[in-house]
Amino acid sequence: MEPQLFTECHYSRFSSGGRTNIYGLALFETSMESGLPVDSEFPSNIIRSFPQNISHKLQNQNKSKAIRHLFVSSFYGITCFASATGYWNTVELPLNQDIGEIISMDTFSSDQSNLVFALTTVHTEGDGQHNFTLRIYSLDDASQMYIEEAIFRIAEQCQVIRIPFTPMQLFHTRININGESNTCLLLCGNDGGVHLYLRNKSTNKWEEEHVRSYFPFLASLSESSILSLEIREIGDLKIVAAGCQNGRLHVSIMKFDTSVGDFVPMDEPACVVLFSPITSISVFSSSSSKVSPGDIHMLVTCAVERAIIYCNVDKLVLNRPVYLKECSQYDSVLCSNIMDVDWDGNNEILVGTYGRELLVYKQGFHT
């Protein structure tokens, strides 16, 4: 599997002193469109206040059309790259500047809200004490809004939950509750636990629930400090993978059981010990098609070694690793992503390093 050569066409610079971390990106898939025309200064323009030239003639949005908007955090702010046809609009979220330093974030839609934005922060007091919070912004009625308007409206509704541990990755997924599908938030912490939050339909407040009730596998890892979490459903399979600070990689493969109406483990969870902390995990299919996804693989990146592809993870679990060439030559590997870069119908692998290199790998292994 060899890296492919691409050239940079655009870039966006953080404001002075700003930078992100391994939990600082979130992709929001929605039917909400951009309502602003391309700016004359594109791509350098930044929108910091509610745009007065936003279109007010919202047509019936195509609910089946998936539009992806990118959210990026610096330590003290959030920027959204709102997708449009042939361009994007750069929008800074109007967050309270007193929230502290941003650690991690996630964004999604649920049955109750068109847009949910969650982030964890740390605020350092004068005596050096660190206060950690989980902040959840929800916008329940945004079906007739453009994405730029929704971004400015969502800052008005925030729930703050104080947490007694250092937060790490934020992740959302769907769970089954009494036969109904619900969206939950999962938060990894340095206390060795994974914390699960659900929205109470009576109070509309997010509340912590026992993770064991929904993910016994994750509850069994209470002695591990999980840095990277991945939960992916492909067809009738659900793959849960957790990467730890001590280099341990845990994987559980589940299959949907129609008799119980939920996913059940196919076998005992698998575990392998890698050389260094695990920085990212991505479960992906070989094809970008949702109808015929093809083979299922898992990408794992570590801080001090080459990235690994576990081929056919649904069948072979961790028994067939393939190591990516060159990715360890540019300092620590911090992040990864999967997408069809060249639009050939097959997913490519993107690896980002501390040495400021973005490597793109095209599938070349035989399965």
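FYI, the numbering just counts along the sequence from 1. Predicted model, so just to flag it, every value in this text is computed and none were measured. Both backbone and side-chain heavy atoms feed into the values below; hydrogens, waters and symmetry mates do not.
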Shortest non-hydrogen contact between Met145 and Ala150, atoms and distance:
SD-CA, 4.0 Å
Should Ile147 and Glu33 be marked as a side-chain contact (heavy atoms from CB on, under 4.5 Å) after you check the CA-CA gap, both sets of side-chain angles, and the distance that decides it?
CA-CA 6 Å; Ile147 184 65; Glu33 302 174 355; over 6 Å; no
Given the side-chain rings of His297 and Phe284, with only the six-membered ring counted for Trp, is the space between their centroids under 6.0 Å?
yes
Under 3.5 Å, sequence neighbours excluded: what are the donor-acceptor pairs made by side chains of residues 213-220?
| unit_1 | atom_1 | unit_2 | atom_2 | d |
| --- | --- | --- | --- | --- |
| Ser220 | OG | Phe217 | O | 2.5 |

Between Met168 and Phe165, is there a shared hydrophobic cluster once you connect ILVMFWY residues whose side-chain heavy atoms come closer than 4.5 Å?
no
Are any of the side-chain heavy atoms of Leu93 and Cys80 separated by less than 4.5 Å?
yes
Residue set satisfying salt bridge (Lys or Arg N to Asp or Glu O under 4.0 Å) with Arg306, at least two apart, ordered chain then number -> none
Measuring from atom CD1 of Ile231 to atom OG1 of Thr173, what distance do you get when rounded to the nearest 0.5 angstrom?
4.5 Å
Validation row: Val322, Ile308 side chains within 4.5 angstrom (heavy atoms)
no
Which heavy-atom pair separates Cys327 from Leu359 by the least distance, and what is that distance?
CA-CD1, 3.4 Å
Hey, mind stepping through Val351 and Leu324 against side-chain contact (heavy atoms from CB on, under 4.5 Å) and telling me if it holds?
CA-CA 10 Å; Val351 174; Leu324 298 184; 4.3 Å; yes
Taking all non-hydrogen atoms of both residues into account, name the closest pair between Phe28 and Asn114 and its distance.
CZ-O, 3.5 Å
Quick one, Asp340 with Lys362, criterion salt bridge (charged side-chain N to carboxylate O under 4.0 Å, His left out). Give me CA distance, side-chain angles, the key distance, then yes/no.
CA-CA 9 Å; Asp340 183 4; Lys362 194 169 181 64; over 6 Å; no
Side-chain donor-acceptor contact under 3.5 Å, Ser34 with Asn89:
yes
Test of understanding: clusters of I, L, V, M, F, W, Y form through side-chain heavy atoms closer than 4.5 Å, transitively. Do Phe256 and Val283 belong to the same one?
no
Return yes if a side-chain donor-acceptor contact under 3.5 Å exists between Arg174 and Ser181, otherwise no.
yes
Using modelled atom types and a 3.5 Å cut-off, is there a donor and acceptor pairing between side-chain atoms of Gln363 and backbone atoms of Ser286?
yes
Please examine the side chains of Asn204 and Asn200, heavy atoms only from C-beta on, and report whether any two atoms are closer than 4.5 Å.
no
With a 3.5 Å distance limit and no angle check, can you tell me whether Thr133 reaches the backbone of Ile161 through a side-chain donor-acceptor pair?
no
I'd like to know whether the aromatic ring centres of Phe117 and Phe71 sit less than 6.0 Å apart in this structure.
yes
Carefully, step by step, assess Lys201 and Asn182 under the rule side-chain contact (heavy atoms from CB on, under 4.5 Å).
CA-CA 11 Å; Lys201 294 184 179 180; Asn182 290 261; 3.6 Å; yes
Does the side chain of Leu185 come within less than 4.5 Å of Phe108's, by heavy atoms?
yes
Can you list, pair by pair, the side-chain donor-acceptor contacts under 3.5 Å of residues 259-269, counting residues two or more places apart and other chains?
| unit_1 | atom_1 | unit_2 | atom_2 | d |
| --- | --- | --- | --- | --- |
| Ser259 | OG | Asp257 | OD1 | 2.5 |
| Ser259 | OG | Asp257 | OD2 | 3.3 |

For the student: nearest non-hydrogen atoms of Ile239 and Val313, plus distance
CD1-CG1, 3.8 Å
Taking the side chain as everything from C-beta on, heavy atoms only, tell me whether Leu249 gets closer than 4.5 Å to Val251.
yes
Any side-chain donor near an acceptor of the partner, Asn131 and His123, under 3.5 Å
no
Tell me if a side-chain donor or acceptor on Thr90 pairs with a main-chain N or O of Ile46 at a distance below 3.5 Å.
no
Say whether Met105 and Leu186 are linked into one hydrophobic cluster, either directly or through other cluster members, by side-chain heavy-atom distances under 4.5 angstrom.
no
Judged by atom type as modelled, is there a donor-acceptor pair below 3.5 Å linking the side chain of Ser332 to the main-chain atoms of Ala303?
yes
Looking at Thr79, is its backbone amide N or carbonyl O close enough to the side chain of Glu92 to form a donor-acceptor pair, meaning the two atoms are under 3.5 Å apart?
no
Got a second to check how far Asn190's CG is from Cys188's SG, nearest 0.5 Å?
11.0 Å
Evaluation steps, side-chain hydrogen bond (donor to acceptor under 3.5 Å, both in side chains), between Ser113 and Asp140
CA-CA 4 Å; Ser113 302; Asp140 294 347; 2.5 Å; yes
Got a sec: does the CZ of Arg199 have more than 12 other heavy atoms crowding it under 6.0 Å?
yes
Identify the heavy atoms of Asp191 and His195 that sit nearest to each other, and give their distance.
OD2-NE2, 2.8 Å
Any link between Val91 and Leu115 through a network of hydrophobic side chains (Ile, Leu, Val, Met, Phe, Trp, Tyr) touching at under 4.5 Å?
yes
Under a 4.5 Å side-chain heavy-atom rule over Ile, Leu, Val, Met, Phe, Trp and Tyr, are Ile103 and Leu227 clustered together?
no
Using a 3.5 Å distance criterion without hydrogens, assess whether the side chain of Ser285 forms a donor-acceptor pair with backbone atoms of Asp295.
no
Where is the tightest heavy-atom contact between Phe132 and Thr166, given as atom of each residue plus distance?
CZ-OG1, 3.5 Å
Is there a donor-acceptor contact under 3.5 Å from the side chain of Gln159 to the main chain of Trp206?
yes
Side chain to side chain donor-acceptor pair (under 3.5 Å) partners of Arg212, counting only residues at least two apart
none
Could you state the interatomic distance from CG (Leu139) to CD (Glu149), rounded to the nearest 0.5 Å?
8.5 Å
Test item: Thr353 side-chain N/O and Tyr330 main-chain N/O as donor-acceptor pair under 3.5 Å
yes
Is the closest side-chain donor-acceptor distance between His130 and Thr124 under 3.5 Å?
yes
Taking atom CD1 of Ile309 and atom SG of Cys311, what is their separation to the nearest 0.5 Å?
7.0 Å
Thr120 and Ser104: CA distance, side-chain angles, deciding distance, side-chain hydrogen bond (donor to acceptor under 3.5 Å, both in side chains) verdict
CA-CA 5 Å; Thr120 61; Ser104 57; 2.7 Å; yes
Without hydrogens or angle criteria, can the side chains of Thr301 and Ser280 be said to hold a donor-acceptor pair below 3.5 Å?
yes
When clusters are formed from ILVMFWY side-chain contacts under 4.5 Å, directly or step by step, what else is grouped with Phe275?
Val304
Should Asp331 and Glu357 count as side-chain neighbours, where that means a heavy-atom distance under 4.5 Å?
no
Only counting residues at least two apart or in another chain, list the ones meeting side chain to side chain donor-acceptor pair (under 3.5 Å) with His250.
none
For the backbone of Gly35 and the side chain of Glu148, can you confirm whether one donor and one acceptor N or O come within less than 3.5 Å of each other?
yes
State whether the side chain of Tyr323 and the backbone N or O of Glu305 hold a donor-acceptor pair below 3.5 Å, judged by distance alone.
no
Measuring from atom OG1 of Thr107 to atom CD1 of Ile154, what distance do you get when rounded to the nearest 0.5 angstrom?
6.5 Å
Side chains of Val272 and Tyr310 in contact at under 4.5 Å (non-hydrogen atoms):
yes
Rounded to the nearest 0.5 Å, how far apart are CD1 of Ile47 and CG of Asp39?
7.0 Å
Side-chain touch Met32/Ile67, heavy atoms, less than 4.5 angstrom
no
